[in-house]
Amino acid sequence: MFSRTAEYALRAVVWLADRTDSSPLGVQPIAAGTQVPQSYLAKVLQELSQAGLVSSRRGVGGGYFLTRLPAEITVLDVINAVDPLQRITGCPLGLKSHRHAMCAMHARLDKAAALVEETLRASTIEELLRTPERPQPMKESVSTLSRPSR
């Protein structure tokens with residue numbers, strides 16, 4: 001349902017948001033932390049920068065950083081920055097009789113897309129990081145690691 005680019009963008013933003021040190025980081029450590037190929041990540045970070053979700057500094061001590069607090073960034077913001085959700089606004093087949101009202105099939109598909117959009121708009125990056133009943137994104141949970149037998 002979501003593109004690889006959207007997945008990688010979410011990984012990068014969540015990873016940057018979860019750092020205790022907010023100093024800028026280069027592409028290499030972000031790529032390592034998110035398990036995203038460095039060349040692909042560079043393009044994703046550029047798109048996130050153009051959307052105003054991250055910014056970068058050049059030179060020594062430079063790199064990428066979030067421009068807003070994690071509580072102010074929604075999952076939808078991140079996805080729309082790199083691969084906007086597509087809604088059905090008219091008949092994809094171009095049928096003249098469907099110009100003023102979508103058929104039941106396309107109306108239902110658009111309703112599903114609207115629900116996804118609503119859910120993502122209501123979910124912040126902060127919430128993804130602070131949901132205690134779920135494992136934390138991109139981190140191995142202690143409870144799932146195999147423990148040595150005694």
Criterion side chain to side chain contact (heavy atoms under 4.5 Å, CB included) on Leu25 and Arg19, from CA distance to verdict: CA-CA 10 Å; Leu25 275 181; Arg19 295 182 57 243; 3.1 Å; yes
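- Side chain of Ser49 to main chain of Leu45: no donor-acceptor pair is present (N/O by atom type, distance under 3.5 Å, no hydrogens or angles).
- Heavy atoms only, all atoms of each residue included: Ala31 and Leu41 are closest at N-CD2, 3.3 Å.
- With sequence neighbours left out, the ring pair (Phe, Tyr, Trp, His ring centres under 6.0 Å) criterion links Tyr40 to Tyr8.
- Nearest heavy atom pair, residue Leu16 against residue Tyr64, reads CD2-O, 4.0 Å.
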Intermediate values then yes/no, side chain to side chain contact (heavy atoms under 4.5 Å, CB included), Val13 and Asp77: CA-CA 11 Å; Val13 170; Asp77 292 334; over 6 Å; no
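- Residue Arg87 places its CZ atom among more than 12 non-hydrogen atoms of other residues, nucleotides or ligands, all under 6.0 Å distant.
- For Ala71 against Thr124, the heavy-atom pair with the smallest separation is O-CG2, 3.4 Å.
- From Leu48, atom CG reaches atom CD of Gln50 across 9.5 Å, with rounding to the nearest 0.5 Å.
- For Ala113 against Gln86, the heavy-atom pair with the smallest separation is CB-O, 4.2 Å.
- The shortest distance between side-chain heavy atoms of Leu128 and Val75 falls below 4.5 Å.
- The local environment of CD in Gln38 is crowded, with over 12 non-hydrogen atoms from other residues, nucleotides or ligands closer than 6.0 Å.
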Salt bridge (charged side-chain N to carboxylate O under 4.0 Å, His left out) between Glu47 and Lys43, intermediate numbers included: CA-CA 6 Å; Glu47 290 180 57; Lys43 294 173 189 173; over 6 Å; no
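- Counting only distance, with no hydrogens or angles, the side chain of Thr67 and the backbone of Leu53 share a donor-acceptor pair below 3.5 Å.
- The nearest pair of heavy atoms linking His98 to Cys91 is CB-CB, 3.7 Å.
- Other residues, nucleotides and ligands place no more than 12 heavy atoms under 6.0 Å from the CZ atom of Arg4.
- Between Leu120 and Leu85, some side-chain heavy-atom pair lies under the 4.5 Å cut-off.
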Test side chain to side chain contact (heavy atoms under 4.5 Å, CB included) applied to Phe65 and Ser23, step by step: CA-CA 7 Å; Phe65 56 94; Ser23 61; over 6 Å; no
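- Of all heavy-atom pairs spanning Val82 and Ala6, the tightest one is CG2-CA, 3.7 Å.
- Under 3.5 Å, the side chains of Thr5 and Asp83 contain no donor-acceptor pair of N or O atoms.
- No donor-acceptor pair closer than 3.5 Å links the side chain of Gln35 to the backbone N or O of Gly33.
- To the nearest 0.5 Å, atom CD1 of residue Ile79 and atom CZ of residue Arg121 are 11.5 Å apart.
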